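Worksheet: the structure to be examined is printed underneath.
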Amino acid sequence: MKNRTFFWFILPSLITMVLFIALPIVSVALQSLHIEHEAVMVEVENCGPFGCKQELQVDVEETAKLKKERPLGQFNGLGTYTNRNHLAVAEIGEAWQSSNGFADFISKALNLPFYRALAFTLTYTFVVTPLVLIFGFMIALGVNTLPKRIKGPTIFISLLPMIVTPLIGALILFWMIDANGVIGSTLQWIFDDPDLSLKASPTLTWIMLMVYGVWHSAPFAFIVFYAGLQTVPSDTMEAAMIDGASRWERTRYVVLPHLMPLTVFISLIQLMDNFRVLEPIISFSAQASATSLSWIIYNDLVGTESQFFGSAGATSVLTILGVAILLIPVLIRTWRDFNQKVV
Amino acid sequence: MSDIVHRRSPVLNMVIWGLVLVWIVAAGFPFLWTLWGSFKVQGDFFSKADWTNAITGARTQIETGAAFTGKGYYGAWVTQEFWRAVLNTMLIVVSVVIISLTLGTLGGYALARSGKKYAFYLLMLALVFRAMPHITLVSGYLLPFFEWNLWGHLPTTIIVMVAINQPFTLWMLHSFFLNIPKDLDESAMVDGCTRFQAFRHVIVPVMWPGVVTTGLFSFLLAYNDFTVTATLLSQANQTMVPKIASFLGTTQTEGNVMFAVAAVVSATAPLFVLILFFQRQIVSGLTAGAVKG
């Protein structure tokens with residue numbers, strides 16, 4: 001295809017991506033270096049029945065004017081990055097010096113909002129992703145052995161948790177695990193503890209969020225693996241059987257290697273999607289015990305009184321850095337594959 | 001392969017059946033439960049006394065005189081004006097799907113036929129863009145949108161969602177176009193067509209299966225989105241998902257959780273129908289990227 005033709009074909013798509021994906025990244029970086037204006041104060045003489053007093057007052061007009069002139073706010077350099085709500089350099093340094101032992105330091109660091117969110121986001125990503133792979137694979141193996149007639153309906157039901165809106169799916173689970181909901185009250189009955197509430201304990205909330213994550217994403221892994229199972233080469237399989245390989249050995253040495261590229265694909269998609277976890281936290285109202293990086297940004301943006309663009313920008317830049325670190329191994333690998341293909 | 005089935009031991013069979021059964025219950029039961037419960041009163045849906053009340057509807061019978069009630073639906077659709085949100089969602093979703101597919105087919109076709117190095121770089125760039133958490137992008141839009149008075153309107157949200165879906169759409173259509181033989185459009189060009197004419201008259205008629213599948217996923221991305229719609233739309237233009245999220249804040253305190261339950265069921269129903277009719281396309285779409293990838 002000629003370069004010119006290619007350019008015209010790709011142009012509309014490229015324009016939207018540059019305008020609404022590339023530029024916002026720049027805009028986020030710019031915002032993160034600025035901070036909201038402080039209110040302009042004026043000294044006014046306030047005269048009452050008991051004489052006159054000098055008072056400081058917020059000059060609403062001037063403040064609005066300043067905001068209009070420089071909507072980004074005032075330049076703050078890296079100040080937002082290092083403050084308590086983000087990297088908290090001073091607090092971490094102090095915690096490092098004052099803490100007696102590594103565990104103590106970690107627990108102090110986890111009291112800081114950014115590190116708390118980072119801890120949950122990373123735990124969520126690296127617990128849910130492998131579990132999704134394992135469960136998806138097991139379900140795929142199971143469904144593959146079913147009689148043809150019930151395969152269709154099984155796949156239909158399996159698709160539900162993935163296709164349904166994440167916020168809604170999480171809500172449905174949340175209502176069921178409510179202390180008065182069907183799962184919540186069953187658990188109370190099993191453990192014989194009428195005060196058992198999955199919402200009250202931070203550990204249980206983390207577990208519930210991850211259970212939701214696996215429930216939501218396992219169908220994706222299942223479908224991909226299931227499709228992969230249909231293409232397992234039957235002659236390799238028969239050869240393995242003639243050589244006397246047991247069922248387990250066939251799965252381990254024929255099926256698994258065949259599905260390896262799919263595993264890489266699912267992990268990549270899952271890492272990207274789990275790293276941005278937001279909806280279940282909102283559905284579960286779990287912000288007291290679990291916050292994610294996406295959640296802190298969301299919280300800064302939808303604040304009731306005012307929005308903190310500087311703070312949201314700084315967290316966004318840090319999140320993008322996190323995504324970049326996650327993606328680098330994949331990109332390097334693809335790069336190598338591509339160059340080999342060309343040679 | 002029937003001899004394999006014969007050789008499976010009964011114990012293994014039991015384990016497999018058990019596993020599949022547990023999964024089906026885990027995947028399907030929550031939806032069935034919520035659908036059934038949405039026709040009850042709150043006292044039954046969250047039953048302190050006995051969970052079987054949610055099935056029989058004991059409190060519902062006392063409060064309304066029948067075992068089923070449509071109060072939740074009335075409250076959500078009429079009192080809380082959920083129908084507005086439904087209309088907004090329909091507008092957004094239809095526009096997003098149409099625009100994404102138009103831009104995506106042109107771009108995906110070019111990427112599939114180019115074979116140059118920069119096409120590969122563009123695909124990699126799209127992959128990086130695909131990985132960006134949506135909320136980080138949104139925090140980049142908000143301030144400029146406020147400044148230029150673009151915030152809160154449906155068209156703004158539509159174009160933003162088209163852009164966010166573009167990397168995914170490009171990847172998917174790119175892999176579909178790779179499956180259409182090159183000879184087809186190249187022979188048309190030998191016969192004197194320009195590249196665009198070849199695309200218009202030869203490729204467009206045969207691309208529909210791929211476009212339908214990609215369209216389904218664009219539909220799902222737009223329909224299920226929370227991040228963009230919750231932050232970029234004003235109260236009046238709210239779509240279903242943020243509307244349901246806002247129910248949580250207001251109605252939980254007023255004891256109107258059943259409104260939210262009814263709204264949730266209403267929003268899930270179209271997805272049900274979608275899977276029912278397009279199961280094959282969804283499955284093939286999920287695997288298309290994987291097999292090529």
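The sequence lines fix the lettering, A, B, ..., with proteins before strands; numbering per chain opens at 1. Note that the structure is a prediction, hence the values are computed from the model and not measured.
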Under 4.5 Å from any heavy atom of chain B - which part of [X]:
X        : value
A:Val164 : both
A:Ser294 : both
A:Ile157 : both
A:Ile150 : side chain
A:Ile21  : both
A:Ile139 : both
A:Leu14  : side chain
A:Leu278 : side chain
A:Ser185 : side chain

Looking only at heavy atoms and a cut-off of under 4.5 Å, which of [options] has the most pairs with chain A?
options                                : answer
B:Leu271, B:Thr268, B:Leu103, B:Leu143 : B:Leu143
B:Pro30, B:Ala119, B:Gly37             : B:Pro30
B:Ser100, B:Ala267, B:Ser114           : B:Ser114
B:Phe146, B:Phe226, B:Phe199, B:Phe272 : B:Phe226

Could you go through A:Val323 and A:Met272, starting from their C-alpha distance and side-chain angles, then the distance that decides it, and tell me whether this counts as side-chain contact (heavy atoms from CB on, under 4.5 Å)? CA-CA 7 Å; A:Val323 171; A:Met272 290 189 211; over 6 Å; no
For B:Asp44, check salt bridge (charged side-chain N to carboxylate O under 4.0 Å, His left out) against everything at least two apart and list the hits. none
With sequence neighbours excluded, tell me which residues meet salt bridge (charged side-chain N to carboxylate O under 4.0 Å, His left out) with A:Asp300.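 For A:Asp300 there are no salt bridge (charged side-chain N to carboxylate O under 4.0 Å, His left out) partners, ignoring immediate neighbours.
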Heavy atoms of other groups near A:Phe135 CZ, more than 12 under 6.0 Å: no
Could you check B:Phe29, B:Phe31, B:Trp23 and say which one makes a ring-ring contact (aromatic ring centres under 6.0 Å, His included) with A:Trp215?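 Of B:Phe29, B:Phe31, B:Trp23, ring-ring contact (aromatic ring centres under 6.0 Å, His included) with A:Trp215 is met by B:Phe31 alone.
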